[in-house]
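If you're wondering where the values come from, they're calculated on a predicted model, not measured in any experiment.
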Amino acid sequence: MSVSVPVLVPWAEGEVGLVEDPAPRPASLSGAVVGIVDNGWHCMHVIVDVLTEVLVDRFGASEVVVKHTSGSLTMTAADRADLQQRCAAVIVGIGACGSCTRWVLKDAVELERAGIPTASLYTRAFDVLAVALAKTEGIVGLPRVLLPHPLNSLPDDDIREAALASVDGVAAALLGSLVAS
Amino acid sequence: MSGFASSVISLPDDAEAVGEFFLSRGNTDGLPIVVPTVERVERMLTGIDRDPALSLGRVPPLMGDATIEKVAINAVMAGCTPAVLPVVVTALECMLETQWELEAVQPTTMALGPMVVVNGPVRGLAAVQCGGGSLGSGHRANLTIGRAIRLALINLGGAVAGDIDRSTQGFPGKVSFAWGENEEESAWEPFHVSRGFEADESVVTVVAVSSSTNVSDSTDDPTDLLRTWTGGLTNPSTANVIDPHSTPVLAVNPLHSRILADAGYDRRRFQEHIWRHSRVPEEALSARRAHLRRAYGEEYFLVDGMVPFTNDPGNILVAVTGGMQGNHSTYMQNGLYGRAISKRVTGIAAGVTAS
């Protein structure tokens with residue numbers, strides 16, 4: 001006859017926190033001011049250039065406002081307030097390392113809670129982390145857009161190509177179908 | 001009913017099988033564990049005079065509730081004695097302070113892992129090694145303190161290596177890194193006293209570190225010794241250089257402390273000397289690293305035209321550990337996250353010692 005022992009589970013148990021929906025999405029970006037939060041990776045600088053052009057030429061944005069963070073911190077309260085006041089939508093990026101994935105997500109969550117729709121960008125190596133972090137923040141279906149990894153070490157032309165390939169995902173995140181690319 | 005809030009599962013009375021079960025679920029650090037039976041957890045909790053239901057906080061990023069009970073379960077798995085539990089609990093309390101930024105330490109690609117420094121009477125009660133070999137193997141308290149913390153970070157915070165824990169390479173200190181200060185053979189006042197505590201208080205300090213580097217010199221000339229120390233720290237590749245508020249740790253062996261003290265270097269003077277002489281030229285930093293440091297403010301970038309490895313001599317944490325048998329000290333890098341926090345150890349159960 002097999003013998004068993006009672007063992008206490010070491011892992012966390014029980015649900016955590018409230019569950020919130022992301023902010024409502026606009027029908028279009030035509031005439032809107034769109035923000036981009038650039039956390040300093042070189043690849044993000046290239047992505048900003050590509051998306052700025054696309055947002056104006058293809059989506060009719062009236063202006064693109066770019067804010068800069070360090071990657072090891074969230075954006076300043078002043079920058080967040082400015083984006084919240086001026087922008088109809090904000091792109092936040094890029095989670096290309098563990099801790100900066102956390103900060104990108106935090107910035108996106110704070111904007112969503114203020115009613116600003118976001119598209120947060122991550123390289124694929126940090127998708128699992130981004131999903132886990134979004135869950136702990138309690139925002140169901142926080143839109144995220146995935147780019148190739150590694151990205152920062154690629155030639156600029158390859159980064160531009162990846163940025164262009166992400167445009168449909170960015171549009172989906174900001175405008176409607178909250179499905180990550 | 002077990003009387004515990006944690007769920008109880010019935011597993012085969014086979015330590016190896018239970019170990020494989022937890023390993024397969026990602027609940028271990030890769031090493032065999034001590035099975036956390038109800039009986040063992042009850043015994044572990046005799047080591048702390050605090051409510052097992054008390055929550056220390058939620059462990060990011062999965063935000064599991066770190067109750068003392070859950071910590072005790074993980075401490076059993078790590079092989080802790082009950083006397084060690086108050087140290088583990090206090091260390092986690094340090095790490096769960098918002099300013100320790102555990103939410104960034106857990107997923108980072110850096111090598112950062114918590115390092116625990118123990119001071120005061122609890123060192124003896126828990127048999128924390130402070131003398132020879134304190135940073136190495138062979139000392140149950142030292143190894144299990146760090147291990148219990150790591151298991152709690154995995155099981156309550158979700159930081160499974162290769163998954164949420166995105167550390168590029170990791171470093172051996174992420175397995176376990178805890179030691180006691182050799183207050184008795186140090187030439188200086190105890191480390192925790194320098195941080196504002198009373199000498200007879202038991203205190204834990206936790207810093208996130210990404211390396212341990214040997215600083216070795218058998219000289220008895222203080223000038224030569226200082227040159228060796230500063231030479232070892234003048235390095236543009238360290239985590240310290242990109243963070244002006246970093247709290248690197250200099251784990252000085254007792255002999256080195258005596259050579260320096262005899263030459264008139266108390267802790268403060270040693271810190272200031274290190275700070276003044278361990279600097280790198282701006283051009284030694286990569287553009288990316290210079291960008292990271294500048295993000296803290298241009299006013300923190302240079303001091304007297306050079307990049308110091310932290311911006312305040314008081315940030316350089318100096319503690320004494322190891323034995324009198326040699327002249328080897330150690331420097332541990334800290335940067336970006338997990339800057340030092342110290343707390344008094346509470347709830348040490350009367351009459352409980354490591355045996």
Side-chain angles (χ1 to χ4, degrees), chain A residues 1-18 38-45 67-76 95-106 109 122-138 149-150 152-153, chain B residues 2 4-14 18 22 25 27 35-41 58-66 69-70 72-74 76-77 101 103-110 151-152 154-158 163-167 242-243 288 291-292 294-296 336-337:
Chain A
M1 186 169 82
S2 63
V3 178
S4 62
V5 291
V7 175
L8 286 158
V9 304
W11 54 79
E13 299 179 83
E15 291 296 319
V16 177
L18 300 173
D38 176 348
N39 69 351
W41 287 102
H42 170 71
C43 61
M44 191 59 195
H45 299 331
K67 300 293 187 184
H68 298 275
T69 72
S70 74
S72 53
L73 300 164
T74 55
M75 71 174 113
T76 64
C97 73
S99 50
C100 65
T101 292
R102 179 82 183 109
W103 306 131
V104 164
L105 187 122
K106 281 197 96 165
V109 165
Y122 310 92
T123 64
R124 289 190 180 276
F126 298 96
D127 183 32
V128 169
L129 177 60
V131 170
L133 294 176
K135 183 181 174 186
T136 64
E137 289 288 339
H149 187 94
N152 199 62
S153 55
Chain B
S2 69
F4 287 100
S6 300
S7 298
V8 177
I9 53 178
S10 192
L11 292 174
D13 188 10
D14 178 336
V18 173
F22 282 126
R25 291 190 82 259
N27 297 126
V35 179
T37 62
V38 169
E39 182 187 9
R40 289 193 181 112
V41 178
R58 293 194 174 269
V59 184
L62 293 191
M63 307 307 273
D65 195 4
E69 176 185 301
K70 281 295 183 189
I73 295 169
N74 283 276
V76 168
M77 294 173 70
E101 295 184 295
E103 63 179 337
V105 173
Q106 289 275 66
T108 185
T109 52
M110 298 173 71
L151 289 174
I154 291 169
N155 288 320
L156 303 176
D163 194 292
I164 280 178
D165 178 347
R166 305 302 293 164
S167 189
I242 57 176
D243 177 5
R288 172 70 183 167
H291 164 79
L292 288 173
R294 283 198 148 98
Y296 289 94
L336 297 189
Y337 313 119

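- The candidate with the highest count of non-hydrogen atom pairs below 4.5 Å against chain A, out of N74(B), V105(B), I154(B), D243(B), is N74(B).
- Here the closest non-hydrogen pair linking T109(B) and G98(A) is CG2-N, 3.5 Å.
- Using a 4.5 Å cut-off between heavy atoms, E39(B) makes no contact with chain A at all.
- For the side chain to side chain contact (heavy atoms under 4.5 Å, CB included) with P6(A), the lone residue among V41(B), I9(B), V38(B), T37(B) that qualifies is V38(B).
- When heavy atoms are compared at a cutoff of 4.5 Å, L336(B) approaches chain A solely by way of its side chain, counted from C-beta outward.
- Residue A12(A) comes nearest to L156(B) through the heavy atom pair N-CD2, 3.8 Å, listed as atom of the first residue, atom of the second, then distance.
- Of the inter-residue distances, the one linking R288(B) atom CZ with N152(A) atom CG reads 6.5 Å to the nearest 0.5 angstrom.
- Applying the side chain to side chain contact (heavy atoms under 4.5 Å, CB included) test between P107(B) and each of T101(A), V128(A), L129(A) identifies L129(A) as the sole match.
- For chain A, the option among P36(B), P12(B), S10(B) with the highest count of heavy-atom pairs below 4.5 Å is P36(B).
- Across every non-hydrogen atom of A132(A) and I164(B), the tightest pair is CB-CD1, 3.5 Å.
- Rounding to the nearest 0.5 Å gives a distance of 12.5 Å between NE2 of H291(B) and NE2 of H42(A).
- Two residues are said to be in side-chain contact when any heavy atoms from C-beta on lie closer than 4.5 Å; L62(B) and W11(A) fail this criterion.
- Residue with the most contacts toward chain B among S99(A), C100(A), A125(A): S99(A) (heavy-atom pairs, distance under 4.5 Å).
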- Message: Let's go through K70(B) and E13(A) carefully: what are the C-alpha distance in whole Å and the side-chain angles of both, what is the deciding distance for side-chain contact (heavy atoms from CB on, under 4.5 Å) to 0.1 Å, and is it a yes or a no?
- Response: CA-CA 10 Å; K70(B) 281 295 183 189; E13(A) 299 179 83; 2.8 Å; yes
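- Taking OG from S4(A) and CG from L11(B), the interatomic distance works out to 8.5 Å, rounded to the nearest 0.5 Å.
- Interface remark: R40(B) contributes no atoms to any contact with chain A (heavy atom separation under 4.5 Å).
- Using a 4.5 Å cut-off between heavy atoms, W41(A) touches chain B through backbone and side chain atoms alike.
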